[in-house]
Amino acid sequence: MIGLFVFIFGLIVGSFLNVCIYRMPREISPAKGRSFCPHCKKQIAWYDNIPLFSYIVLLGKCRSCKAKISIQYFIVELIAGGLFLLTYFYFGITLNFFIYLILLSGLIISTFIDIEHRIIPDEISIGGVVVGFLIALILAFIKKTPFIILDSFLGIIIGGGVIYLTGMLGDFLFKKESMGGGDVKLLAAIGAFLGWKKALLSFFIAPVFGAIIGIVVLIKYKDHYIPYGPFLSIGAIIALFWGDKLLRLLFWF
């Protein structure tokens, strides 16, 4: 029953994340007014804003103007619900559970904004650095373990630094921008939450998925550029849930 409640809670949060994904790149406050149709701008009634259910009932269309609503809304809610449930299975209802929900929510927002707009909002990346480090300070005080602060600080420096240096190398080799500043700040935020080891692990996991998608995009669309934020987010999610096992395996070898 707790798992079901957590999943439903994730769906509700996912609905709000959809609001952030739509509004933040358009410089509209997520807290400003109720949800509205992106086509006719008419406010959406509460019974048409039930996560997953309303999209299915309305067949992915606005009740007022009948315009098609992007499947992205359904996908974001489902991903949020699934990740919240996975976090509960791994960490239970603990302090870590709530901390990592903040990180995962930020990763979902940055991923879908980067896919559509090729940007990662500073509110998510820089905000993530600040929030992640503040949480480390609080945890260090509660657990009386100063190492938590050092790990978060090194996560910010090493996470942001390694991808910044990679971008500089790419710029030199390809004579054009190869890594955006948003990616640098996003990995710094990931490091603030997960520490330097898992930040590095995220950095090395991301190209595996990026290369696969990049080849598909190059063949199908003849486009050499793909947003990198989503792959950093995938790397961070893998590092969050399976990073300890992967690191033990790597150090064993």
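Everything numeric in this text was worked out from a predicted model, so none of it was measured. Starting from 1, each residue takes its place in the sequence as its number.
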Query raised in the report: Can you name the residues that form a salt bridge (charged side-chain N to carboxylate O under 4.0 Å, His left out) with Asp151, not counting sequence neighbours?
Result: none

Requested in this report: Please examine the side chains of Leu247 and Lys197, heavy atoms only from C-beta on, and report whether any two atoms are closer than 4.5 Å.
Outcome: yes

Query raised in the report: Of all heavy-atom pairs between Tyr55 and Ile69, which one has the smallest distance, and what is that distance?
Result: OH-O, 3.1 Å

Report task. For Arg23, check salt bridge (charged side-chain N to carboxylate O under 4.0 Å, His left out) against everything at least two apart and list the hits. Result -> none

Report task. Would you kindly confirm whether Val130 and Phe141 end up in one hydrophobic cluster when ILVMFWY residues are joined by side chain heavy atoms under 4.5 Å apart? Result -> no

**Report entry** Phe153 atom CZ, over 12 foreign heavy atoms within 6.0 Å
**Finding:** no

Requested in this report: Compare every heavy atom of Leu201 with every heavy atom of Leu250, then report the nearest pair and how far apart it is.
Outcome: CD1-CD1, 4.2 Å

Query raised in the report: Can you tell me how far OG of Ser202 sits from CG of Leu232, rounded to the nearest 0.5 angstrom?
Result: 8.0 Å

Residues 71-92 side chain polar contacts: donor-acceptor under 3.5 Å, at least two apart:
unit_1 : atom_1 : unit_2 : atom_2 : d
Glu77  : OE1    : Leu52  : N      : 2.8
Thr87  : OG1    : Leu83  : O      : 2.7
Tyr90  : OH     : Trp242 : NE1    : 2.5

Query raised in the report: When hydrophobic residues are tied together by side-chain contacts of less than 4.5 Å, even through go-betweens, does Tyr47 share a cluster with Ile56?
Result: no

Query raised in the report: Minimum heavy-atom separation for Ile109 to Ile21, with atom names?
Result: CA-CG1, 3.9 Å

Report summary line: Of all heavy-atom pairs linking Leu240 and Lys198, the shortest is O-NZ, 4.1 Å

Report task. State, yes or no, whether a side-chain contact exists between Ile205 and Leu246 at a heavy-atom distance under 4.5 Å. Result -> yes

Query raised in the report: Does the side chain of Val131 come within less than 4.5 Å of Phe193's, by heavy atoms?
Result: yes

Query raised in the report: Do Val162 and Tyr164 sit in the same hydrophobic cluster, where Ile, Leu, Val, Met, Phe, Trp and Tyr count as joined when their side-chain heavy atoms come under 4.5 Å apart?
Result: yes

Query raised in the report: For the side chain of Thr145 and the backbone of Lys143, is there at least one donor-acceptor N/O pair under 3.5 Å apart?
Result: yes

Query raised in the report: Measuring from Ser152:OG to Leu137:CG, what's the distance to the nearest 0.5 Å?
Result: 7.5 Å

Query raised in the report: What's the spacing between Ser125 OG and Asp122 CG if we round to 0.5 Å?
Result: 4.5 Å

Contacts under 3.5 angstrom, residues 30-46 side chains, donor-acceptor by atom type, not counting sequence neighbours:
unit_1 : atom_1 : unit_2 : atom_2 : d
Arg34  : NH2    : Ile44  : O      : 3.0
His39  : NE2    : Lys68  : O      : 3.0
Lys41  : NZ     : Tyr22  : OH     : 3.2
Lys41  : NZ     : Pro38  : O      : 3.1

Query raised in the report: Are the side chains of Leu150 and Trp196 in touch, meaning some heavy atoms are under 4.5 Å apart?
Result: no

Query raised in the report: Are Thr166 and Phe203 close enough that some pair of their side-chain heavy atoms sits under 4.5 Å apart?
Result: yes

Query raised in the report: Nearest heavy-atom pair of Ile149 and Ala140: which atoms, and what distance?
Result: CG1-CB, 3.5 Å

Query raised in the report: When hydrophobic residues are tied together by side-chain contacts of less than 4.5 Å, even through go-betweens, does Leu187 share a cluster with Leu165?
Result: yes

**Report entry** Residues that, via side-chain heavy atoms closer than 4.5 angstrom, fall in one hydrophobic cluster with Ile8
**Finding:** Leu4, Ile12

Requested in this report: Taking the side chain as every heavy atom from C-beta outward, state whether Ile120 and Thr111 have any pair of such atoms under 4.5 Å apart.
Outcome: no

**Report entry** Any side-chain heavy-atom pair of Leu194 and Tyr100 under 4.5 Å
**Finding:** yes

Query raised in the report: Mind checking whether Phe231 and Tyr228 have parallel, tilted or perpendicular rings, split at 30° and 60°?
Result: tilted

**Report entry** Any side-chain heavy-atom pair of Val6 and Phe97 under 4.5 Å
**Finding:** yes

Query raised in the report: Taking Ser110 for the side chain and Leu107 for the main chain, is one N or O donor matched with an acceptor at less than 3.5 Å?
Result: yes

Query raised in the report: For the atom pair CG (Leu101) and CG (Asn96), what is the distance rounded to the nearest 0.5 Å?
Result: 10.5 Å

Query raised in the report: Under a 4.5 Å side-chain heavy-atom rule over Ile, Leu, Val, Met, Phe, Trp and Tyr, are Val19 and Ile102 clustered together?
Result: no

Query raised in the report: Rounded to the nearest 0.5 Å, how far apart are CD1 of Ile28 and SG of Cys20?
Result: 12.0 Å

**Report entry** Side-chain donor or acceptor of Asp114 paired with backbone N/O of Pro227 under 3.5 Å
**Finding:** no

Query raised in the report: What pair of heavy atoms forms the shortest contact from Ile115 to Pro230, and how long is it?
Result: CG1-CG, 3.7 Å

Report summary line: One should read off an interatomic distance between Glu123 CD and Ile113 CD1, to the nearest 0.5 angstrom, of 8.5 Å

Query raised in the report: Of all residues at least two apart in sequence or in a different chain, which pass the salt bridge (charged side-chain N to carboxylate O under 4.0 Å, His left out) check with Arg26?
Result: Glu116

